[in-house]
Amino acid sequence: MILKKSAFFPLFLRTGGAFLVIASVVAATHLIESSVALTQDPPAEEELLDDDLLDDELLDDDLLGDDLLESDEKVAETGEEDAFSSIEAHEKVFAKSNFPSADECALCHPKQYKEWSVSQHAYSQLSPLMMSMQNAMNVGTSTTNGDFCLRCHAPVGSDIGEPFSASNLDRHPASREGITCVTCHRMSAGYRKVSGRIGIDQGDVFDSVKGALGNAELARVLADKKQFKVNTDRDGVGRAIHTEIEPFFELTTPAFCGSCHEVFAPNGLRVHELMTEYRNSPAAEEGITCNDCHMGKEQGVPAGYEWGPAAIVGGKETAPRKLTNHFFAGPDYSLIHEGIFPVNKKANEFKSLQEWLLFDVDAGWGTDEFEDNCPEDFPFPESWVSIDDRYEAREIIAEQQELLGWAKEQRIEVLKRGFGLSDIRVTNHDESGLDFEIDVRNLTRGHNLPTGFDAERVFVVQIDVKNAAGEIVFQSGDRDPNGDLRDTFSLYVRNGEVPLDEQLFNLQSKFMSRNIRGGDQEQVLTINSSVSALPFIRPASRPNNIYGHPKGMRKHRRGIEPLGHRTAEYHVSPDLLKGEGPFTIDARFVSQSVPVNLIHQTMHVGFDYNMSPRALAEKLVEGAVVVAEKSAVTRAAEKAGQ
């Protein structure tokens, strides 16, 4: 069971003779948005220069004056509130027209849209754990982390100055789409390694976009507007289409991906090192690019590209060409409502995100079994009172679930092509116990595994040793009742209810922070434990490039280099080898997107979509997949210990 149930929050977990209190804040993250401390807009430069921070007016001000107790009626009387609403409305119209949503591209590019819609790029900003992690880091650093995460996960939101703590329910459509069409196809320049601080060319759907092959085929389409039924006039009628494709060769280069996949934190900490890994890999030496493995016909291997039309315009296909796949399989998976993800143009037009969150998929709404037995006075939300709406929603949900199933198959496929296990080698079995080992191999040529944000990736070897009767006598890599590994961040381990897994093999890297006495300690988030009453990201006192990390924080990397391996070694003491032999050793290599303890570390800021910690933990564990399996049987048939 995941996160023991309770009828109320805060959630109390029974821990022996005491209670361990977990503050289960499940309010949506957009509630934090109202806090002045979490705005990302800096004061104007002139104001900073002109303001006297030691001015006597600060001393003369009555902080308990009546002006702080005045009601909002005064604001309403001045009309300032109406003026702000008017400005906000105009800004939304401007943002909509200058940053087109992927839904606008779907009409002519259905293949690319479908692949992207269920990708990790589309999910990058929608993830409730990404949001809670970003907000927790800002709370822990007095907001000095700023929009550091947002600039890669939601470049449009960063460009238009959205508050970094805003709920996805309140964001601009192209912002919550994460790495959306305009992110890459309207990037204003080849930024290369800049930790995601990129510019996006503004413009509506008629303005130019960027592509690897340039404008030749589009010019042919625009020369025959009648046949392709397109319109390039903003005041005209017909299918809107961009009027130019600017050649942008950078789209084909690994450095383009490095804009977001080589990440340095504001204090110099190397968070992602994918581009550095690639530059030193056999794949780079052979001229194999990121696109060759991750945008080709097969996920994770350079197997060539599909061939076909890049667009279907007015029902007619454009000329065949090399096609890139926009799915980008990886270890992540969705934890949110199927009405919200995958991104779905039909779903977006049918109901709002808030309304989709009210649709009860698990209860069976929109199925014959539920609807035929549903009482007439069932308290449906107003948006789902219509039975026709519920049936239509169920059809959309079925399509979404099918697409998610396909995405899971692709995820398992790319992981199987990346990781492998050797045979289990029994190195000793006598009166001193049982010793065995197994190699975990990186089968790729392009980068370490795991890579990217490897400090929050779970890649663990799960071991079960059974006697002849099938009874488990030894385990490693198993879970505590919360679904966590039995490592030092398990709440059950910390409370002494389950033993520490001292032989755990997990390729998850660890953030290490230096405490005030000089020792290192593991951290889940990249936040130092600070003795200051106002913690913040401190400027480095020395050049970070000398050490490759800031003075107070580093990352202990556990990834496997290309074509390399790591060996997991195990010892089972004789007192555990109970029952008759031979003993069977089962090894499974398991992938999970992030550890459950990340939920505990970020739950104090709440989770988007009003999701509870328990619901997130259950979905995390359910999404874990077995990548590889091996078994071995010991030769000893006598009773253990003899």
Side-chain angles (χ1 to χ4, degrees), residues 1-16 18-29 31-32 127-141 145 149 165 331-333 335-336 453-460 477-501 504 506 508-513 521-530 535 553 590 592-624:
M1 183 176 68
I2 313 300
L3 286 175
K4 296 180 180 180
K5 296 185 178 180
S6 175
F8 58 90
F9 291 96
L11 175 66
F12 293 89
L13 296 182
R14 183 66 180 173
T15 56
F19 284 99
L20 176 63
V21 182
I22 297 180
S24 179
V25 184
V26 295
T29 319
L31 295 179
I32 303 176
S127 167
L129 280 178
M130 195 290 297
M131 287 288 294
S132 66
M133 187 173 176
Q134 173 188 250
N135 289 331
M137 291 179 68
N138 269 309
V139 168
T141 62
N145 197 58
C149 302
S165 58
D332 266 318
Y333 44 90
L335 307 176
I336 60 178
F453 200 24
D454 52 0
E456 298 298 347
R457 297 294 185 207
V458 175
F459 286 98
V460 62
D478 54 311
R479 311 296 184 112
D480 71 12
N482 277 346
D484 247 328
L485 299 173
R486 293 187 289 115
D487 60 12
T488 55
F489 289 104
S490 162
L491 297 180
Y492 279 83
V493 169
R494 289 185 172 187
N495 201 54
E497 293 194 57
V498 298
L500 176 68
D501 189 349
L504 176 68
N506 183 10
Q508 177 187 358
S509 298
K510 297 292 184 181
F511 290 122
M512 308 294 294
S513 69
Q521 64 179 13
E522 292 185 5
Q523 299 277 132
V524 174
L525 301 179
T526 55
I527 303 175
N528 285 22
S529 298
S530 177
M553 178 74 71
V590 178
Q592 183 174 305
S593 61
V594 296
V596 172
N597 58 57
L598 183 61
I599 297 173
H600 175 246
Q601 295 283 335
T602 63
M603 61 197 300
H604 59 285
V605 298
F607 299 104
D608 214 354
Y609 322 115
N610 283 329
M611 294 190 73
S612 70
R614 184 187 304 118
L616 282 170
E618 289 174 346
K619 286 182 175 292
L620 266 180
V621 176
E622 288 171 5

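Note that the numbering runs from 1 along the sequence shown for the chain.
Scanning both residues, Pro499 and Val493, for their nearest heavy atoms gives O-CG2, 3.9 Å. Considering all non-hydrogen atoms of both residues, Gly477 and Leu485 come closest at O-CD2, 3.7 Å. When all heavy atoms of Val596 and Ala617 are compared, the pair lying nearest together is CG1-CB, 4.0 Å. Residues Thr488 and Leu500 share a closest heavy-atom pair of N-CD1, 3.9 Å. The two residues Pro331 and Ser593 come nearest to each other via the heavy atoms O-CB, 3.7 Å. The two residues Glu522 and Met512 make their nearest non-hydrogen contact at CG-SD, 3.6 Å.
Between Glu456 and Val524 the shortest side-chain heavy-atom distance falls below 4.5 Å. Using a 4.5 Å cut-off on side-chain heavy atoms (C-beta onward), Val590 and Val458 make no contact. The shortest distance between side-chain heavy atoms of Leu129 and Ser132 falls below 4.5 Å. In this structure, the side chains of Met133 and Cys149 stay at 4.5 Å or more apart for every pair of heavy atoms. Side chains of Thr602 and Phe607 form a contact here, defined as non-hydrogen atoms less than 4.5 Å apart.
For the atom pair CD of Gln508 and CG of Asp454, the computed distance is 9.0 Å after rounding to the nearest 0.5 Å. Here the CD1-CD distance, from Ile599 to Gln601, works out to 11.5 Å after rounding to the nearest 0.5 Å. Remark: Met611 CE to Met603 CE distance equals 13.0 Å, nearest 0.5 Å.
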Q | Intermediate values then yes/no, salt bridge (Lys or Arg N to Asp or Glu O under 4.0 Å), Asp484 and Arg494 | A | CA-CA 12 Å; Asp484 247 328; Arg494 289 185 172 187; over 6 Å; no
Q) So Ile336 and Asp608, side chain to side chain contact (heavy atoms under 4.5 Å, CB included) or not? Walk me through it. A) CA-CA 10 Å; Ile336 60 178; Asp608 214 354; over 6 Å; no
Q: Quick one: do Asn482 and Arg614 satisfy side chain to side chain contact (heavy atoms under 4.5 Å, CB included)? Show the steps, please.
A: CA-CA 9 Å; Asn482 277 346; Arg614 184 187 304 118; over 6 Å; no
(Q) The test is side chain to side chain contact (heavy atoms under 4.5 Å, CB included); show your working for Lys619 and Tyr333 and say whether it passes. (A) CA-CA 9 Å; Lys619 286 182 175 292; Tyr333 44 90; over 6 Å; no
(Q) Asp487 vs Asn597, test: side chain to side chain contact (heavy atoms under 4.5 Å, CB included). Steps then yes/no. (A) CA-CA 10 Å; Asp487 60 12; Asn597 58 57; 4.1 Å; yes
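A search for ring-ring contact (aromatic ring centres under 6.0 Å, His included) contacts involving Phe511 returns nothing, not counting sequence neighbours. Looking at residues two or more places apart in sequence or on another chain, you find a salt bridge (Lys or Arg N to Asp or Glu O under 4.0 Å) between Arg486 and Asp478, Asp501.
Between the Asn135 side chain and the Met131 main chain, a donor and an acceptor come within less than 3.5 Å of each other.
Looking at Ser490 and Asp480, their side chains do bring a donor and an acceptor atom within 3.5 Å of each other.
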